[in-house]
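Residue numbers begin at 1 in each chain, while the letters A, B, ... track the order of the sequences. Here the structure is a predicted model, which is why all the values come from computation and not from measurement.
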Number of protein chains: 2
Amino acid sequence: MEVHPRARERLLDATEDLAFTQGVAATPVDEILRSAGVAPATLYAHFGNKEGLITQALERRLMRWDEVWQSAIDEASTPRERLLAVFPALGRYRMSVPAARWCAFLGVAAESPHPGPQLQKTLASDTQLLTARLKELAVPVVAADHADALVAQLVLVYTGVLGMLLRGMDTERAVGLGLHIAGAVIEAAEGSRR
Amino acid sequence: MEVHPRARERLLDATEDLAFTQGVAATPVDEILRSAGVAPATLYAHFGNKEGLITQALERRLMRWDEVWQSAIDEASTPRERLLAVFPALGRYRMSVPAARWCAFLGVAAESPHPGPQLQKTLASDTQLLTARLKELAVPVVAADHADALVAQLVLVYTGVLGMLLRGMDTERAVGLGLHIAGAVIEAAEGSRR
DNA sequence: GTCTATATCAAGATAGAC
DNA sequence: GTCTATCTTGATATAGAC
């Protein structure tokens, strides 16, 4: 078979294409190898095993999501818009990467009852980024002692948007719904401050 | 090995215990058989294959959820309470059955990129029940032309609650958050009617 | 209908050459 | 680092007796 110098990147690309759309367990390593045009031993040389491959594909994905979200925040002009930017960012992000069926991180978490330490850490870093950044963005919008509660609510709404994708809703509509609900939630939080 | 006359029920119980907590693919048939104390051939005689077993376990589960939800609605005393009853019902339901890690239906959907017709139908019937019943309950609460939009929002919130379980939140807190957000969403919908 | 024993097969992972 | 070829395992499903 042909030799591919960028085997590593090709494997990560194929993993995003296949494992994050069909599910990890439903995607045999063979299929990833065929799609990447790479030999088995190459995969194991780079990633150790299948879980290592999945883990590093998630890590690369998280970096991209981080960038997309951050730039959406940078473009927004009010504290409220910055807090809500996570929703349009999600819409934009999903057009820029091989679309997971819903959420690559939650999807992998759902089928990994006993993740190894590395994978566990990577999965946690997704929720970590989500809550930490929302917290920063919430502080200018609501009173400090309401920020944590508001963040928890927004994380739930954001997670709900992802879940709607799994229920078959298209991205635009799910994001629009999420934005609307998040708006109502913020109103209510602002109201409770007065 | 010992003979079990209620092999069918035992298999469904074991499936709920194992497959809906660990994930379907992560739960070998052998493990279900061992847990049920039943022989392989018995399983295949009753259910045809693994997917058949999963499907029927989901169907039984949906019937129970239906009952729990309906009785929570019956206990509520105002239209608004009846509409919101889905949240406390979820909390009660999860204490009454072997707890899936988050949601048995969404969990199976997430790892089944190509479900067979029976499984597909069963998975759809979950979302179907959710939206249809919420629609009935929403009509007395908001103007008719806002009911569909409100239902979509509540389905998202409900789905978000389930997703938070997957993110590791405990049931009580997730349900409480969902109830709070749903309240805000309904306020906003009522407001837009005025 | 249920059991024991086993067939079949696919999947993850490795050996060894280049 | 990458390839070809193969090993090993573990999982789904079936055969045949009771």
Side-chain angles (χ1 to χ4, degrees), chain A residues 1-58 60 107-108 111-119, chain B residues 1-58 60 107-108 111-119:
Chain A
M1 187 173 279
E2 209 179 339
V3 174
H4 285 294
R6 310 188 74 79
R8 191 191 135 86
E9 299 303 315
R10 293 177 61 86
L11 283 166
L12 293 174
D13 290 342
T15 301
E16 290 199 49
D17 275 337
L18 300 171
F20 295 162
T21 50
Q22 307 178 343
V24 173
T27 305
V29 171
D30 304 23
E31 198 181 340
I32 296 175
L33 293 171
R34 244 182 296 124
S35 168
V38 160
T42 306
L43 187 157
Y44 291 95
H46 279 287
F47 302 102
N49 55 28
K50 186 180 183 180
E51 185 169 312
L53 173 64
I54 299 297
T55 302
Q56 295 197 33
L58 286 175
R60 197 178 66 164
V108 171
E111 47 181 335
S112 308
H114 305 302
Q118 265 307 118
L119 177 54
Chain B
M1 189 174 276
E2 208 180 340
V3 173
H4 285 295
R6 309 188 73 80
R8 192 191 135 86
E9 298 303 315
R10 293 176 61 86
L11 282 166
L12 292 174
D13 290 343
T15 300
E16 291 199 49
D17 274 337
L18 299 171
F20 296 161
T21 51
Q22 306 179 343
V24 173
T27 306
V29 171
D30 304 25
E31 197 181 340
I32 296 175
L33 293 170
R34 244 181 295 122
S35 168
V38 161
T42 306
L43 187 159
Y44 291 94
H46 279 285
F47 301 102
N49 54 29
K50 187 180 182 178
E51 184 170 313
L53 173 64
I54 299 297
T55 302
Q56 294 196 34
L58 286 175
R60 196 179 67 164
V108 171
E111 48 180 334
S112 308
H114 304 301
Q118 266 306 120
L119 176 54

Handout entry: Nucleotide dT2(C), atom P - distance to CZ of R34(B) in whole Å
Key = 20 Å
Completion exercise
Hits for side-chain contact (heavy atoms from CB on, under 4.5 Å) against A36(A), two or more places apart or cross-chain, chain-then-number order -> R10(A), L11(A), A14(A), V38(A)
Problem - Partners passing side-chain contact (heavy atoms from CB on, under 4.5 Å) against A25(B) (at least two apart in sequence or in another chain) - result: A25(A), E111(B)
Problem - Close residues, residues 41-48 of chain A, relative to DNA chain C [heavy-atom separation under 4.0 Å] - result: A41(A), Y44(A)
Problem - Non-hydrogen side-chain atoms of T15(B) and F47(B) separated by less than 4.5 Å - result: no
Practice task
Could you state the atom-to-atom distance from CD1 of I32(B) to C1' of dA13(D) in whole Å?
Solution key: 14 Å
Practice task
Let me know the distance between CZ of R8(B) and C1' of dC3(C), rounded to the nearest Å.
Solution key: 20 Å
Exercise for the section: Decide yes or no for V29(B) and P40(B): does some side-chain heavy atom of the first lie under 4.5 Å from some side-chain heavy atom of the second? Expected result: no
Problem - Shortest non-hydrogen contact between D17(B) and T21(B), atoms and distance - result: O-OG1, 2.6 Å
Handout entry: L33(B) CG to dG10(D) P, straight-line distance once rounded to whole Å
Key = 17 Å
Using a cut-off of under 3.5 Å, enumerate the N/O to N/O pairs linking the protein to nucleotides 6-11 of chain C.
none

Exercise for the section: Among residues two or more places apart or on two chains, list those pairs meeting side chain to side chain donor-acceptor pair (under 3.5 Å) that have a residue in residues 37-53 of chain B. Expected result: none
Problem - Distance in angstrom units between R10(B) CZ and dT2(C) C1', rounded - result: 13 Å
Problem - Bracket string, DNA chain D, 5' to 3' - pairs by Watson-Crick or G-U geometry under 3.5 Å, | interstrand - result: ||||||||||||||||||
Problem - Rounded distance [0.5 Å steps], CD1 in I54(A) versus CZ in F20(A) - result: 5.0 Å
Problem - Note, L58(A) side chain near L119(A) side chain (heavy atom, < 4.5 Å) - result: yes
Completion exercise
Sequence neighbours excluded, the answer for salt bridge (charged side-chain N to carboxylate O under 4.0 Å, His left out) partners of E9(B) is R60(B)
Exercise for the section: For T27(A), check side-chain hydrogen bond (donor to acceptor under 3.5 Å, both in side chains) against everything at least two apart and list the hits. Expected result: Q22(A)
Exercise for the section: Indicate yes or no for a side-chain donor-acceptor contact from S112(A) to the backbone of V108(A) under 3.5 Å, with no hydrogens or angles considered. Expected result: yes
